[in-house]
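This is a predicted model, so every value here is computed, not measured.
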Amino acid sequence: MGKYNNKKTFLKKKNNLKKGRNIKRGISKNVKRNKQRTIKHDNRDKHGSRDKRDKRDKRDKRDKRDKRDKRDKQDKQDKRDRRVGNNLKRNSIKTKKDYNMDGDMDGDMSGDSDGDSNSNSTKNESGGNRLPNFSFIESNKTDRKELSKIEQDSSKNGEKDVMKDSGNVNTTDNRDSTKSKKSNLFEGTFCDLKEVLNESLLNTLTKNNFIKTTSIQKASIPLFFKNNDIFIKSMTGSGKTLCYAIPAIQKILNLQKDNIKITRDLGTFIIVLSPTRELAIQINNIFTLLTRPYPYIISSSIFGGEKKKAEKSKLKKGVAILTCTPGRLLDHLENTHALKVTYLKTVILDEADKIIYLGTQDKIKLIYDMIKKIKKEEVEQLVVNHNAHMGSGSTDGPKDGLTDGLTDGLTDGLTDGLTDKNKKKLSEHVSKTFQMVFISATLSNAVKGLAKYCLKNKTIWIEKSISAVAKLSNQNGILSDTSITGGMPFNGVMCESNTRKDEAGDNKNDPSSYELPEQLKQHYILMELKDKFLCLLYMLIHYVKNEKKKAVVFLSNGKSVEYMHLLLNNIYWPTDTKKGNIEVIKKMKNEINNVLNKEDEKLLKEYLVKEVINNYKQEAYNNNNNNKNNKILNYKNINIDNIGIDDIGVNYLDDEHCYEEETENGNKKKKQIKQNNIKGTGANSINVPTKSANICISPTESTELDETPLYNIHADKHKRIYLFNNVPIYILHGNLEKEDRLGNFQAFGKSENAILLCTDIISRGIHFNNLDIVIQYDVPNNLEAYVHSVGRTARLTKEGSSYLFLLKPELPFLDLLKNKNIQLKKILSSEYLKKLKKNYLPEMFNSIGQNVFNFIYNHFIYIVQSNELLKEKASSAYLSSISAYHSIDKQLRSIFNIKNIHLGHFAYTFLLESTPKEISKYNKQQNYLKIKKQSTFNKRERRFIQTKVFKKKKKKTIN
Ligand SMILES: Nc1ncnc2c1ncn2[C@@H]1O[C@H](COP(=O)(O)OP(=O)(O)OP(=O)(O)O)[C@@H](O)[C@H]1O
């Protein structure tokens, strides 16, 4: 500043400088403009007149202006959108919050979850697709907190998964439907049950993500604390286990309230009966989970197949909650004195109708009687002991001070002689009676006999009804669609306590309907027997292999389970589909089949078979002739001598050929071949070595042929595509080793993508996480079996699908289901086959045309027939499946009748070309033919044939 004398001059100078700069800038602008002008001027010469140039300039200006306006508008619009978006988002959060506070999260949950986990749905919900992504980021912190809280809540209830599932299914309809179902299933929270459940138990429930109660839980849990017997019927997957598990634990905890120390020597408080060991394990797991904070409450399961000694010592130490199968409990009641039931409070029959259906009705009666008797004796003994103590002046009460003040509440003279006041508390715990609870999704009239015998204490019937005909208010005065009644409404008749007016009728006349989760999509596959196996393949490939789902396949018997397991693990697509081969096969088959219809079928068939083999042998022989010294027989680059016994698929050799081989290869060979010929059990069909050396015409019986096989069935091994290569397949059936049974059960439970092949042993009560699909490959034994089997999926609020295979004559089964309010959607087996062809068959099969399935079927049959173990298992599975028809309920026998089924076709579903009976009959005939044929070559034998001995032998063989 020193350069300038005062401020004024400084400012003046500064302004002048600025002006100068502006002038300079103006000059440079003008220079630029002039330059442009000169360019334009030059251009003018190029582009034409001045008018045109002006017009162009104007147009340019207009365009520029328009563009600017547009941009401004867009900016404004964006700003407005962002504002609207935020508001909507905030509103939606508000709504969610409101629902949350109302405790009515069910209806809202789908929206929540979608909103947070799936950005697309957020857009739809919160005001249209224009909502930019950053709107959520811009929303304030509290909003985000609330959102995440809601998200957490939903995930706690296991509903987040549901959303994920429904998201997969893709339509909004699904989401909507789930929404309504969830609101049906859940009602209130466990906190609403504060009056009956103590805080620590509520905390335990919360810790284990049990927050909201299903309506059946809400309705039934408080009733367990009364002295009534209870009958609960509610659909599969509605949480019936917790209905009794929670009050059971609470009842034991209530002892503490009355200052009673819970120790193991108090014996058993709760007994749960389960029809299967798997269910017993599952129930015990729930108890173990919920009793974790209470180490003094021991829960354990005992069931058949385990070592009794270990169980005895367990019982001796004391088990508070005992889950067991009926047989094993009876055993312990009879033989294990250590099983103490003095303080027994409740006996629960889970899947009560199944326990009865198993034919254990008498067992249950016996169990009931024995428990009652033992309990009475033990209580009486307790009183006697107590009296003795009182009499002897002892100040200590018997065991743990339990009988301090024992009197008033004890009935039937138990309190005689006891004078202490304040005895009510313990008397509540020591009583000669106990509560009986029957539970199932399908309690029907069949249970009545047993119920009458066991349910004596003013039974309460709790039923979650679909139509909610009788909407009664429950204890809290809240209206629900769960009906709770004193007495038992059988066949719509309200019965007085302990008496039942309606005694008659089996299931057939039982008008009660069965409820299944609405989100369960039930289907039946109307099939022809020939399509059955391929349809199953399609479903397993499509749903499990491709869509990575988890599926259970129900079969009628253990043998079928074993067979299907081996089959699925060994099945592969044909590796060669040259049309020529298929045509040869078809032609040969037709010829043979035609011949089979004639009287002399066996001989002619044999002739044809020989011809085919001879042709092949001739070819092999010619090849070999070129190199006589080389003993190796080559056919189409397959080194036949290297083939092992197991690899051999052909056993049918003729005598003529045998002779030829003798001259070429020596006596030894002839002998061997002849032996084989005799040994051969008489193949009912043959493998035809074709040009590709790995196509079969029909199955063959493999034999112990040592040498000279015709072709190697494993030649294509490297090309094979095994259908279920990377899919774990588990099995479960009653005859499985117990370690395998348990191991498979647990492994399948944990897996995300697997197949379980099983009998109905897991159809009841078992809960597998994320089970998507249930396939009933064999028909169910009764209506209840259907209901429970499909009920393994779509549990709680999850989605699921079921598929039942039915033949046309079996369709009346659908009417029976309809009577029970169950409706199924139809799928034609041909649809599945089309999809199989279109989506999953290797491309090379396109050349085959319409016969592709015949071709594949023949290939599968060949796989079975070329594997001794598979063949044996196929036969026994076939036979067991036929016998399984005899164990079908009377009511269904006219519908599922084996007499209506063509046994040959039935065998075909097991990939057997003929029934095992036919095979063995045919084998006998073949043996006879061989003897006959031999006789034509030998004079001595021919004479022998004339003898009575041979004639007798012949008769025997034929018969
Ligand atoms: N209130 C609840 N909140 C969250 N999960 C629950 C609740 N109640 C039950 N569940 C879960 O739902 C699943 C199904 O319950 P559960 O096995 O008791 O059904 P169920 O009615 O006995 O079925 P089924 O008739 O087939 O035996 C289980 O995994 C259970 O842990």
Side-chain angles (χ1 to χ4, degrees), residues 158 161-162 164-165 168-169 236-237 276-279 281-282 285 520-521 523 533-558 560-573 721-778 788-796 798-805 832 836 839-840 873 877:
D161 287 348
V162 177
K164 216 165 66 188
D165 287 351
N168 285 342
V169 178
T236 55
T276 60
R277 73 170 84 176
E278 281 76 13
L279 184 57
I281 293 170
Q282 184 181 293
N285 284 347
L520 171 64
K521 291 171 197 122
H523 309 87
F533 180 67
L534 287 176
C535 281
L536 178 69
L537 275 192
Y538 165 75
M539 293 172 77
L540 296 179
I541 293 171
H542 177 68
Y543 294 117
V544 184
K545 200 177 174 189
N546 193 35
E547 294 192 346
K548 303 280 173 226
K549 289 185 174 172
K550 188 168 166 179
V552 166
V553 183
F554 282 103
L555 297 155
S556 61
N557 61 88
S560 291
V561 170
E562 293 274 350
Y563 168 58
M564 193 63 87
H565 185 224
L566 194 66
L567 182 63
L568 293 182
N569 278 323
N570 281 289
I571 209 159
Y572 58 91
W573 293 126
I721 307 165
Y722 284 90
L723 265 59
F724 299 100
N725 229 355
N726 300 316
V727 182
I729 305 174
Y730 300 101
I731 55 168
L732 273 178
H733 60 81
N735 293 331
L736 213 59
E737 289 290 314
K738 65 174 193 275
E739 289 84 11
D740 293 341
R741 200 166 148 175
L742 188 63
N744 287 354
F745 173 63
Q746 287 173 341
F748 181 73
K750 280 177 199 162
S751 64
E752 288 291 316
N753 170 225
I755 299 168
L756 176 68
L757 305 166
C758 59
T759 57
D760 67 352
I761 59 163
I762 64 120
S763 69
R764 294 267 185 161
I766 298 297
H767 176 87
F768 289 122
N769 275 337
N770 305 321
L771 181 68
D772 304 290
I773 286 167
V774 168
I775 300 169
Q776 297 200 51
Y777 190 66
D778 290 337
H788 287 276
S789 300
V790 298
R792 293 318 93 210
T793 184
R795 294 170 73 73
L796 216 59
K798 302 226 167 176
E799 301 276 331
S801 304
S802 69
Y803 301 87
L804 169 70
F805 279 83
Y832 274 175
L836 177 69
N839 302 325
Y840 297 109
K873 285 194 183 265

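- Ile773 and Thr793 get closest at one heavy-atom pair: N-OG1, 4.2 Å.
- Taken from CG in Leu520 to OG1 in Thr236, the straight-line distance is 7.0 Å, to the nearest 0.5 Å.
- For the side chain to side chain donor-acceptor pair (under 3.5 Å) condition, the pairs that include at least one residue of residues 732-748, sequence neighbours left out, are Glu278-Arg741, Glu562-His733.
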Name each donor-acceptor pair under 3.5 Å that joins a side chain in residues 748-755 to protein atoms two or more places apart or in another chain, with its distance.
from: Ser751; atom 1: OG; to: Phe748; atom 2: O; distance (Å): 2.9
from: Asn753; atom 1: ND2; to: Val544; atom 2: O; distance (Å): 2.8
from: Asn753; atom 1: ND2; to: Lys549; atom 2: O; distance (Å): 2.7

Determine all donor-acceptor pairs shorter than 3.5 Å in which one atom belongs to a side chain in residues 758-769; sequence neighbours excluded.
from: Ser763; atom 1: OG; to: Asp760; atom 2: O; distance (Å): 2.8
from: Arg764; atom 1: NH1; to: Glu351; atom 2: OE1; distance (Å): 3.1
from: Arg764; atom 1: NH1; to: Asp353; atom 2: OD1; distance (Å): 2.7
from: Arg764; atom 1: NH1; to: Asp353; atom 2: OD2; distance (Å): 3.3
from: Arg764; atom 1: NH1; to: His788; atom 2: NE2; distance (Å): 2.9
from: Arg764; atom 1: NH2; to: Asp353; atom 2: OD2; distance (Å): 3.2
from: His767; atom 1: ND1; to: Arg795; atom 2: NE; distance (Å): 2.7
from: His767; atom 1: NE2; to: Asn769; atom 2: OD1; distance (Å): 3.3

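- Between the OH atom in Tyr777 and the CE atom in Met564 there is a gap of 4.0 Å [rounded to 0.5 Å].
- For the atom pair CG of Leu836 and CG of Leu534, the computed distance is 6.5 Å after rounding to the nearest 0.5 Å.
- With sequence neighbours left out, Tyr730 forms a ring pair (Phe, Tyr, Trp, His ring centres under 6.0 Å) with no residue at all.
- Once rounded to the nearest 0.5 Å, the distance linking OH of Tyr538 with CZ of Phe533 reads 16.0 Å.
- In terms of heavy-atom proximity, Ile731 sits nearest to Leu736 at O-CD2, 3.5 Å.
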Side chain to side chain contact (heavy atoms under 4.5 Å, CB included) between Leu723 and Trp573, intermediate numbers included: CA-CA 7 Å; Leu723 265 59; Trp573 293 126; 3.6 Å; yes
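- Remark: Phe724 CZ to Leu568 CG distance equals 5.5 Å, nearest 0.5 Å.
- The closest side-chain heavy-atom distance from Leu540 to Val727 is not below 4.5 Å.
- Under 3.5 Å, the side chains of Tyr803 and Tyr832 contain no donor-acceptor pair of N or O atoms.
- In this structure, the side chains of Arg277 and Phe745 stay at 4.5 Å or more apart for every pair of heavy atoms.
- Between atom CD1 of residue Ile775 and atom CG of residue Leu804 there is a gap of 11.0 Å, rounded to the nearest 0.5 Å.
- Residues Tyr840 and Asn546 form a side-chain contact, since some pair of their non-hydrogen atoms from C-beta on lies under 4.5 Å apart.
- Every residue meeting the side chain to side chain contact (heavy atoms under 4.5 Å, CB included) condition with Asn569, not counting sequence neighbours, appears here in chain and number order: His565, Ile729.
- Partners of Lys550 by salt bridge (charged side-chain N to carboxylate O under 4.0 Å, His left out), not counting sequence neighbours: none found.
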